[in-house]
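Reviewing the structure listed below.
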Amino acid sequence: MNIQILGAHNCESQNTKLLSLLIDDSLVLDAGGLTSSLSLPAQQKLKAILLTHQHYDHIRDIPAIGMNLYLSGASINIYSISPVYDVLATQLLDVKFYPNFLERPQGNPTLKFTVIEPHKTEQIEGYSVLAVPVNHSVPAIGYQVTSPDGKVVFYTGDTGPGLADCWKQVSPQLLVIEVTASDRFRQFGRESGHLTPSLLKEELVVFRGLKSYLPQVVTVHMSPGLEEEIKAEIAAVAKDLNSPISVGYEGMQLHL
Ligand SMILES: [Zn+2]
Ligand SMILES: [Zn+2]
């Protein structure tokens, strides 16, 4: 399994992109900085997009990829929970705002949306995909993706603390997890459903207690202005836990 981080941040700028991960050039997790990261031929090769929740920084490029694929006569499957469908259908892809590629072309729409049920393993393009609820300010799921050769990644999307129930359901080799802010924003994290390095540490301690191991960890969704603080605090957490934790970046390649 080859995982490429297309967008690793919660803010867009010249050198930071919104959340998006690419697995084996075919499966996409969240569609923040998606279209600006891939050539048109690479976009046409994509098989499916899995969305974690309805926030703009995770769904922003859905209208853009809809137009690109529509004009090339291609289509793509999109999977998520029903609140995400509602936001796409009534806001980003409402015909007043942009063409509704969930219904267009009629009979064979460019964006084929399937509602995914948490806790139920689905076969998607040869991968086993398990959606697991996480703790955010809106309904949100993380995805465990298992490749045909048994490699396992879990991507949380946006989440705050309290992941014990989630950990019981997943056994990843690689954990891609959000860390939005540095530790002076711990209270903000708790209130808004995000993690800081010390909150991540608490969740990893719970994981290790339940599973007797720690996976390789890569953080995403960093706030660019806090990144230096986050990096220093993450390094201290990795040292305390005696386990590798990397801060993700645009273009980072991970191999399992
Ligand atoms: Zn969010
Ligand atoms: Zn976000």
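Indexing begins at 1, ligand by ligand and atom by atom, following the structure's order.
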Next on the checklist: So that I know where these two stand, are His221 and His55 an aromatic pair - ring centroids less than 6.0 Å apart?
Outcome noted: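 So the answer is no for these two rings.
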Checklist entry - Under 3.5 Å, is there a donor-acceptor pair between the side chain of Glu122 and the main chain of Ser128? => result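 Such a contact is absent between Glu122 side chain and Ser128 backbone.
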Item to check | Residues in salt bridge (charged side-chain N to carboxylate O under 4.0 Å, His left out) contact with Asp240, at least two apart in sequence or another chain | outcome: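 Partners of Asp240 under the salt bridge (charged side-chain N to carboxylate O under 4.0 Å, His left out) test: Lys201.
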Checklist entry - Among protein atoms, how many N/O/S atoms lie less than 2.8 Å from the Zn ion (ligand 2)? => result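 If we list every protein N, O or S atom nearer than 2.8 Å to the Zn ion (ligand 2), we get 4.
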Item to check | side-chain contact (heavy atoms from CB on, under 4.5 Å) partners of Tyr98, counting only residues at least two apart | outcome: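 So Tyr98 forms a side-chain contact (heavy atoms from CB on, under 4.5 Å) with Pro63, Met67, Phe101.
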Next on the checklist: So, using side-chain contact (heavy atoms from CB on, under 4.5 Å) as the criterion, who are the partners of Pro161 when residues are at least two apart?
Outcome noted: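 Residues passing side-chain contact (heavy atoms from CB on, under 4.5 Å) with Pro161: Arg190, Leu195, Leu199, Glu203.
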Checklist entry - What's the shortest heavy-atom distance between His53 and Pro139, and which atoms? => result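 Looking at all heavy atoms of both residues, the shortest contact is CB-O, 3.4 Å.
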